[in-house]
Amino acid sequence: MSAPRQLHFNAFLMGCGHHGAAWRRPQSPIEQLGDISFYERLARSAERGLFDAVFFADGHAVGDVSTGPRWFLEPLTAMAAMARATSRIGLVSTVSATFYTPFHAARMLASLDHISKGRIGWNVVTSMFDAEARNHGMDMLPSRDQRYSRAAEFIEVALKLWDSWEDDALILDRGGLYADPARVRAIGHSGEHFRVDGPLTVPRPPQGRPVLFQAGASVPGRELAARYAEGIYAVAYDLASGQEYYQDVKRRIAVAKRDPDAVLIMPGLVTYVGSTQAQARAKQAEVDALLPTEQSLAQLGTFVQQDCSNWDLDVPVPALPSLAGFTGPQGRYATILRIIEAEQPTVRQLLGRLAAGGGHCTMVGTPEQIADQIELWFRSGAADGFNVMPPLLPESLDEFVDRVIPVLQRRGLFRTCYTADTLRGHLGLERPTVGAAV
C-alpha cells in the first residue's frame, strides 16, 4: 500500500518579506539584508518546520531603489553559505536561461549540489524586463518564442552536462587513475542557440541532476514546465484559478508522456496568522497602512505596463486589455484581471490586494482556519503544496512554522520528521540514471 499523499512546502525568501512595506516597519531586519547570517537563520527556521526547501527569486535590474529592497546578495553565492548552516532542507535558486550559458549554470549548480550533499534545485526562468537585458549587452529582451526556444535547449544541454560523468567515473587510484576516461564523455552539442563540447568540469552531482523547477504561466511557459519541470511554482489568486491551472498543466504533462503525479504544483501562498481572525486582519492592515500610494501605483504600472500614476484611487479600476492582447509577463497580469472580475475593486482596494505577493493566494486567520484552506486546496485538485511567501520576515515564517505546521501534522497532511537527506528525497522523486528522460 502506498503512503498517503502529503503536502509539500517551500519557503520563498525575499528581502524583509513579500509585503511592499515590510521594510518600513520599525522592527524590520532592513539592516541585515547583506548579512548572510540573516538568511542562514531563515533557512534554519524553515528546516525546523521540515520544509522541502527555501527558494530565492532573482533579477538582473535594480529597479527603483527608493521603493525598498528587491535584490541584495546573489542567490547562488548565498546558498553556498546556507548549505553549510543547514543539514536537510533543500535550496532552490532562480537562474535565467536568457542571461547565463548552460555550461556556466550547470557547473555552478552541480558544485552547489556537491557542497550541500544533494539539496539543490534550479528554478528555470526566461526573465521579464528589457532593463535586465540591457545589463547583458542587449537592447531589449528577445521575443517570448525566442526566449522559450533558448530555454528548452538550455535545459537539454544542462541535462547532458550533468550526465557527462557516469556515477562510477571517479576511480581515485593514487597509483595513476583519477577517473575512467571511458566514463567521462563529451556531449558534442551543436544547436540553434548553443555549441557546447563538454564534458562538465564537475563530476556527476549527488542527486544525479539538481531538481528542475519552473514557473510557467503563459502558454509557452506551461509547455516548458510540462516537458521538463519536476516542481512548478504557480500564481493562483483563488481556489477556482488554482484548480484551472492545476488541471491544465497536469494535462499538458500527460500529453508530454510524463507522469503528472510525479510533478508537484505549488502555488504561492501569503499568510497572516493570528489567535483570532480579527487579530490576523489587524496585522495585515497595520502593514498595509505603511505602503505609499505613489509607489503602489508604480508597482501596479509595472504589472499592467501602463502609467497608473494619475489613476483615481476611489473609483473602479479602468478597463485593461484582454490577456490575449497583453505583451508583458502574463501570469501576474492574468491574476490581476481575475481579481478585477471577481471583486470589482476600486484602485485603492486593488493596491491593497497586491501589496503582498502581487496577487498570490492570501489566507488571513487563525492557524486552524489557514490549515482548513490549505487542506481544501490540497484535496480539491488545486495544489500539491505551496510556495510560502511570508509577508513579514522573520515573524511570518516563524508563525507558519510554529503554529500552522503543527495543525497540518496533527491532520496527517505533513511530515513529522525528515525521512530523506536530499531535495529529491523530500519531494518523492527518484534519482535519475545517466541518460534518463526528465
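Heavy-atom basis, side chains included; hydrogens, waters and symmetry copies ignored. Every value quoted in this text rests on a predicted model; they were computed, and no experiment measured them. Throughout, numbering of the chain's residues begins at 1 and tracks the sequence.
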Other residues, nucleotides, ligands: >12 heavy atoms within 6.0 Å of [X] [atom1]:
X: Asp312; atom1: CG; value: yes
X: Glu368; atom1: CD; value: yes
X: Arg431; atom1: CZ; value: yes
X: Gln27; atom1: CD; value: yes
X: His104; atom1: NE2; value: no
X: Arg84; atom1: CZ; value: no
X: Met138; atom1: CE; value: yes

Is there a donor-acceptor pair under 3.5 Å between the side chain of [X] and the backbone N or O of [Y]?
X: Trp165; Y: Leu200; answer: yes
X: Ser380; Y: Trp377; answer: no
X: His114; Y: Pro203; answer: yes

Exercise for the section: Kindly indicate, with the supporting measurements, whether the criterion side chain to side chain contact (heavy atoms under 4.5 Å, CB included) is fulfilled by Ile155 and Val124. Expected result: CA-CA 8 Å; Ile155 294 169; Val124 185; 3.9 Å; yes

Handout entry: Pairs where residues 380-409 contributes a residue and the test salt bridge (Lys or Arg N to Asp or Glu O under 4.0 Å) is met, not counting sequence neighbours
Key = Arg5-Asp384, Arg25-Glu395, Arg48-Asp398, Arg48-Asp402, Lys250-Asp384, Lys283-Glu399

Does [X] pair with [Y] as a salt bridge, N-O distance under 4.0 Å?
X: Arg251; Y: Asp248; answer: yes
X: Glu375; Y: Arg411; answer: yes
X: Glu244; Y: Arg338; answer: yes
X: Asp421; Y: Arg88; answer: yes

Practice task
Kindly indicate, with the supporting measurements, whether the criterion side chain to side chain contact (heavy atoms under 4.5 Å, CB included) is fulfilled by Lys117 and Thr422.
Solution key: CA-CA 7 Å; Lys117 295 181 170 54; Thr422 68; over 6 Å; no

Between [X] and [Y], is the gap from one ring center to the other below 6.0 Å?
X: Phe154; Y: Trp122; result: yes
X: His360; Y: Tyr237; result: no
X: Phe303; Y: Tyr333; result: no
X: Tyr233; Y: Phe12; result: no

Exercise for the section: For the pair His426 and Phe51, evaluate side chain to side chain contact (heavy atoms under 4.5 Å, CB included) and give the outcome as yes or no after the intermediate values. Expected result: CA-CA 9 Å; His426 300 333; Phe51 278 44; over 6 Å; no

Problem - By salt bridge (charged side-chain N to carboxylate O under 4.0 Å, His left out) - contacts of Glu74 (at least two apart) - result: none

Problem - From CA spacing to verdict: ring-ring contact (aromatic ring centres under 6.0 Å, His included), Phe378, Phe386 - result: CA-CA 9 Å; Phe378 182 60; Phe386 291 90; 8.6 Å; no

Check: [X]/[Y] side-chain N/O donor and acceptor closer than 3.5 Å:
X: Arg147; Y: Ser127; answer: no
X: Asp58; Y: Thr94; answer: no
X: Ser149; Y: Gln146; answer: no

Completion exercise
Those residues at least two apart in sequence (or on a different chain) that pass side chain to side chain donor-acceptor pair (under 3.5 Å) with Asn387 are none

Exercise for the section: Applying side-chain hydrogen bond (donor to acceptor under 3.5 Å, both in side chains), run through Thr86 and Arg119 and close with a yes or a no. Expected result: CA-CA 10 Å; Thr86 56; Arg119 295 187 282 135; 2.9 Å; yes

Testing the basics here: between [X] and [Y], what is the closest heavy-atom pair and its distance to 0.1 Å?
X: Leu42; Y: Pro394; result: CD2-CB, 3.8 Å
X: Tyr39; Y: Leu73; result: CE1-CD1, 3.7 Å
X: Tyr100; Y: Ala105; result: CB-CB, 4.5 Å

Handout entry: Stepwise side-chain hydrogen bond (donor to acceptor under 3.5 Å, both in side chains) test for Ser309 and Asp307
Key = CA-CA 6 Å; Ser309 58; Asp307 181 2; 2.7 Å; yes

Exercise for the section: Would you please classify the geometry between the His136 ring and the Phe99 ring as parallel, tilted or perpendicular, with 30° and 60° separating the classes? Expected result: parallel

Exercise for the section: Any chance you could lay out the side-chain hydrogen bond (donor to acceptor under 3.5 Å, both in side chains) test for Thr67 and Asp64, step after step, and finish with the verdict? Expected result: CA-CA 6 Å; Thr67 62; Asp64 184 351; 4.9 Å; no

